[in-house]
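Because the structure is a prediction, the values reported are computed rather than measured. Protein chains get the first letters and strands the later ones, always in sequence-line order, with residue 1 at the start of each.
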2 protein chains.
Amino acid sequence: MLVDDRKLKILQAVIADYISTAQPIGSRTIAKKYKLGISSATIRNEMSDLEEMGYLEQPHTSAGRVPSERAYRLYVDRLMQIRNLPRKEQEIIIRELGERMDEIESIIRKTARILSQLTRYTSLVINSNLIDCRLRHIHFIQLDSNRLVAVIVTDNGIVKNTIIKTADTVTAEYLESLTRVANDKFGGMTIEELNHCIASEDYKKLAYRYSQLDSLIPMLMEGLSIVGGDDVYADGMSNLFNFPEYSDISKAKSLMEIIEEKEQLMDIIRRIGGKGVVVSIGSEMDNVYMKDCSLVTASCRVGGREIGRIGVIGPTRMEYDRVVAVLEFISGYITGMMDK
Amino acid sequence: MLVDDRKLKILQAVIADYISTAQPIGSRTIAKKYKLGISSATIRNEMSDLEEMGYLEQPHTSAGRVPSERAYRLYVDRLMQIRNLPRKEQEIIIRELGERMDEIESIIRKTARILSQLTRYTSLVINSNLIDCRLRHIHFIQLDSNRLVAVIVTDNGIVKNTIIKTADTVTAEYLESLTRVANDKFGGMTIEELNHCIASEDYKKLAYRYSQLDSLIPMLMEGLSIVGGDDVYADGMSNLFNFPEYSDISKAKSLMEIIEEKEQLMDIIRRIGGKGVVVSIGSEMDNVYMKDCSLVTASCRVGGREIGRIGVIGPTRMEYDRVVAVLEFISGYITGMMDK
DNA sequence: GTTAGCACTCTCCTTTAAGGAGTGCTAACC
DNA sequence: GGTTAGCACTCCTTAAAGGAGAGTGCTAAC
């Protein structure tokens with residue numbers, strides 16, 4: 001059977017109505033609300049066809065119909081109007097995120113906040129695995145007699161730091177020479193290369209000369225592995241309760257647990273990948289706990305390299321058009337901010 | 001009327017039972033479960049007295065009784081046994097938090113995680129206003145032709161960074177001299193002093209010499225104000241659903257909103273203050289939305305200065321003894337780790 | 001002062017019934 | 001042949017009613 005124009009119109013009506021009301025929708029309602037020029041009986045026949053084709057579902061006989069995942073997919077791919085973010089909301093984002101590049105952590109928090117506030121869904125911010133970024137600079141700063149701060153800057157401007165305890169008092173000269181040698185030796189390396197380098201003979205000789213390099217480098221490595229480890233930050237969890245889908249406590253709990261556990265969520269997001277905005281609907285994510293959710297993510301790239309993703313999670317009955325617009329704008333803004 | 005020993009025993013029984021079951025408890029249950037050597041009728045009389053004194057409440061006639069806030073207060077202050085954290089849990093904490101001092105952000109996340117996992121309540125980690133900490137070191141690192149990273153280290157080892165765009169290409173010598181001058185000039189200052197200094201004539205002369213200092217310092221200030229701003233990080237929100245108190249969606253939602261909004265929560269925590277572990281019960285916090293919650297917080301201090309607080313939020317029916325033990329241990333551990 | 005007994009109260013759960021929304025089918029219409 | 005009105009049927013939802021159960025307060029006896 002073919003999905004002709006009239007069927008498409010009816011489907012669109014069902015989806016639009018269900019997204020805004022969360023109520024199964026019947027033929028009579030469509031006939032009344034959306035003037036399609038056909039009677040409820042005709043609509044009934046068409047809806048029956050659409051159900052047969054897998055676009056609509058009935059919670060039970062004698063309830064109205066509800067869009068299936070397949071319908072949402074069709075909607076997202078073909079029916080949805082791409083819209084621009086209203087000027088007002090653009091301004092809010094620019095104001096909140098500011099124009100300066102601060103610490104990653106601060107950007108993450110602000111982004112998650114504004115994203116959940118604008119969309120009214122739960123927001124996610126993922127900072128990606130930066131395993132292939134290069135060391136631009138290492139700098140050691142003395143804190144007190146037996147503590148140093150090691151500050152590591154990567155080539156894409158991410159700064160990480162870690163405190164290192166030293167065996168005995170370190171002189172200013174030693175520190176300076178250490179900084180110089182470390183930069184000479186390790187600057188420009190990726191984490192893998194660094195790892196490799198440490199195992200080499202060459203490094204062992206160096207470690208001998210700078211007796212403290214011995215314990216220093218493993219510590220640095222740990223610091224860098226933090227750079228490498230990807231993590232997800234969530235905000236606007238309470239937004240879940242805006243949706244009757246989560247008026248069932250156990251549903252709300254299990255979704256929140258998935259989000260807080262992070263492991264499974266990261267798995268899903270890694271699998272999704274892709275440039276630009278990606279919409280994942282329900283079982284497409286291949287995870288039992290996510291089967292009633294949709295996840296929309298967008299990537300933030302700097303110099304062709306993905307440095308993070310932002311996303312929104314909510315019921316499959318999601319205002320995809322609005323969410324996509326917000327994500328598109330914010331990811332573009334962040335990319336612009338960091339790449340400039 | 002006096003709260004004699006027998007009344008105390010009965011009260012303790014009611015509290016203990018209610019904390020573990022969340023069910024109003026009747027006289028017969030107490031007589032059976034807690035062998036106090038008196039009959040249910042006697043207990044009934046005593047409970048009637050305790051109600052009159054404001055320690056017990058009845059959800060409705062012919063329900064059992066429930067401890068009042070006043071009862072919890074009495075329990076926390078006088079009845080509760082201070083217990084040590086089990087060896088096993090201590091080990092978990094030490095293992096999870098590690099022995100190294102990383103970035104504040106990483107410590108915050110880890111702490112919040114372990115705290116919510118161990119207590120099974122929602123955990124909070126607050127990093128305090130560090131308005132009075134001093135600049136130890138400022139360092140500028142070139143990222144590319146028109147961007148610098150400014151790394152700021154405070155005297156207590158907190159590292160913040162911010163990216164600064166420069167008007168035109170900066171030479172290595174300029175950078176070095178800038179670093180030297182900035183350290184000479186601003187090292188050792190608090191944020192207020194820095195603010196004050198910038199307004200002075202002296203600074204204006206300096207800015208003239210380093211033409212870029214002009215836009216630089218305001219940017220640095222902003223970076224430092226991030227250091228100064230206190231913030232709260234929460235984890236284990238889904239734990240709220242462990243408690244029948246929050247099986248009512250609207251209750252759960254409003255508490256989660258308070259936690260996510262942060263403003264009101266920070267207000268409450270600031271008002272609480274105090275060294276060591278502090279228990280705040282329901283209306284003691286003077287906030288409508290918190291009237292059915294308890295909040296237990298502990299301070300983490302370094303060199304006599306509070307650098308943050310950790311806490312746990314849950315229903316007034318809270319396992320105070322266990323929560324206090326966990327908080328005491330973790331706050332002690334963090335303090336030790338940072339102070340060493 | 002303590003205890004047993006008992007009537008009374010109030011909630012909670014289950015059952016039952018009515019109401020309502022929406023469908024599918026049939027037959028008539030254009 | 002597609003479209004529409006009519007109608008019986010299904011199934012959910014909500015409200016009301018009727019125990020069952022738990023716990024109290026009071027009284028009287030110990």
Review point. Could you state the interatomic distance from CG (B/N287) to CG (B/D267), rounded to the nearest 0.5 Å?
Key: 9.0 Å
Revision key, fill the gap. Separation of C/dA4 atom P from B/I38 atom CD1, nearest Å, is 12 Å
Point to revise | A/T29 and A/Y34: CA distance, side-chain angles, deciding distance, side-chain hydrogen bond (donor to acceptor under 3.5 Å, both in side chains) verdict | key: CA-CA 8 Å; A/T29 317; A/Y34 305 83; over 6 Å; no
Practice item. Decide if atom CZ of B/F243 counts as having more than 12 heavy atoms of other residues, nucleotides or ligands within a radius under 6.0 Å. Key: yes
Study note, to complete from the structure: Residues at least two apart in sequence or cross-chain that pass salt bridge (charged side-chain N to carboxylate O under 4.0 Å, His left out) with A/D248, listed by chain then number, are none
Check your understanding: Tell me the salt bridge (Lys or Arg N to Asp or Glu O under 4.0 Å) pairs involving residues 282-298 of chain B, sequence neighbours left out?
Key -> B/R73-B/E284
Point to revise | Between A/E69 and A/T316: side-chain donor-acceptor atoms closer than 3.5 Å | key: no
Exercise for review: Mind listing the residues from residues 21-31 of chain A sitting with a heavy atom below 4.0 Å of DNA chain C? Number order is fine.
Suggested key: A/G26, A/S27, A/T29
Point to revise | Separation of C/dG1 P from B/L36 CG (nearest whole Å) | key: 19 Å
Practice item. Specify the separation, in whole Å, of atom CD1 of A/I10 and atom C1' of C/dT23. Key: 15 Å
Review point. For A/D5, what residues pass the salt bridge (charged side-chain N to carboxylate O under 4.0 Å, His left out) criterion, not counting sequence neighbours?
Key: A/K9
Exercise for review: Could you walk me through whether A/S123 and A/Y233 pass side-chain hydrogen bond (donor to acceptor under 3.5 Å, both in side chains), step by step?
Suggested key: CA-CA 8 Å; A/S123 65; A/Y233 179 81; over 6 Å; no
Review point. Rounded to the nearest Å, what distance is computed from the NZ atom of residue B/K7 to the P atom of nucleotide C/dG1?
Key: 11 Å
Review point. With sequence neighbours left out, which residue pairs that include part of residues 311-325 of chain A fulfil the salt bridge (Lys or Arg N to Asp or Glu O under 4.0 Å) condition?
Key: A/R83-A/D321, A/E245-A/R317, A/E319-A/R322
Point to revise | Of residues 45-59 of chain B, the positions that come close to DNA chain C - non-hydrogen atoms, cut-off under 4.0 Å | key: B/N45
Check your understanding: Residues two or more places apart in sequence or in another chain: which of them pass side chain to side chain donor-acceptor pair (under 3.5 Å) with A/S68?
Key -> none
Point to revise | Duplex segments of DNA chain D, taken as runs of at least three Watson-Crick or G-U pairs that stay under 3.5 Å | key: C:1-30 with D:1-30
**Study point:** Pairs where residues 50-63 of chain A contributes a residue and the test salt bridge (Lys or Arg N to Asp or Glu O under 4.0 Å) is met, not counting sequence neighbours
**Key:** A/E51-A/R65
Review point. Tell me, which pairs form a salt bridge (Lys or Arg N to Asp or Glu O under 4.0 Å) where one or both residues lie in residues 23-39 of chain B, sequence neighbours left out?
Key: B/D17-B/K33
Revision key, fill the gap. Applying salt bridge (charged side-chain N to carboxylate O under 4.0 Å, His left out) to A/R78 and not counting sequence neighbours gives none
Review point. Just by protein heavy atoms under 4.0 Å, how would nucleotides 5-14 of chain C read 5' to 3' in B, S and -?
Key: B---BBS---
